Amino acid sequence: MTSAPEPVDLNHTLSVKHDDLEYFANTQLKNFLHELAADPGYTSVLAFAGEGAGDYTGLLTGHGTEFPLAENVKTNFKALATGLAGDLKTLGVQMTEAQLRIQLTLTIMDAAHEEAMTAAEMMQILNKVGSAAPPKTGSGTGTGSGT
């Protein structure tokens, strides 16, 4: 398991390390998504929006005779909860996509690192082959005389 990244000195060039990306994707984003799904406020908003089971599925505003705008408040609150639930779901999807993209980036970085090592090794082999080959001698390719 990776550890938390070291503090960054923002007065200098900012760089992102492999371990920092891995920690962000596999720890911070994972924890955020888990906390969002388990948050009672989130589940309540989903229930008020009619998108999930919960203890609270409707707003109790009183009787219409005592509070004439009761139905209006209920309707508007449900619209608010529906919009908020949609936005929070979208946020969760975007964070999941970000986590997957960072993990894909890490995989690509790892593969590129391995390929770079292979390319460096290939250059060493080519240099050895080139230095072991006999030197070229003149092949008589000078300027020819015309007839």
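Just so we're clear, the structure is a prediction, and the values are computed from it rather than from any experiment. Heads up: numbering here begins at 1 and tracks the sequence.
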For [X] versus [Y], what's the shortest heavy-atom pair and its separation?
X    : Y   : value
Q103 : A25 : CG-CB, 4.3 Å
F48  : A81 : CB-CB, 3.7 Å
A70  : T61 : CB-OG1, 3.1 Å
M95  : L29 : SD-CD2, 3.7 Å
Y42  : L36 : CD2-O, 3.1 Å
L33  : G92 : CD2-O, 3.5 Å

Approximate separation, where rounding is to 0.5 Å, of [X] [atom1] and [Y] [atom2]:
X    : Y   : atom1 : atom2 : value
F32  : T96 : CZ    : OG1   : 9.0 Å
T43  : L88 : OG1   : CG    : 11.0 Å
L80  : N76 : CG    : CG    : 9.0 Å
T105 : H18 : OG1   : NE2   : 10.0 Å

Worked verdict on Q99 versus N26 for side chain to side chain donor-acceptor pair (under 3.5 Å): CA-CA 7 Å; Q99 183 182 28; N26 296 332; 4.6 Å; no

Audit row: D19, E22, side-chain contact (heavy atoms from CB on, under 4.5 Å) steps and yes/no: CA-CA 5 Å; D19 291 344; E22 188 174 39; 4.0 Å; yes

Hydrophobic cluster membership, with links at side-chain heavy-atom distances under 4.5 Å among I/L/V/M/F/W/Y: are [X] and [Y] in one?
X    : Y    : result
L100 : L21  : no
L91  : F24  : yes
L104 : M109 : no
L46  : V93  : no

N/O donor-acceptor pair under 3.5 Å between D39 side chain and E35 backbone: no

Within 6.0 angstrom of L60 CG, more than 12 heavy atoms from elsewhere: no

More than 12 heavy atoms from other groups under 6.0 Å of NZ on K30: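 Check fails, neighbour count at 12 or below.
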
Under-4.0 Å salt bridge between K89 and E51: yes

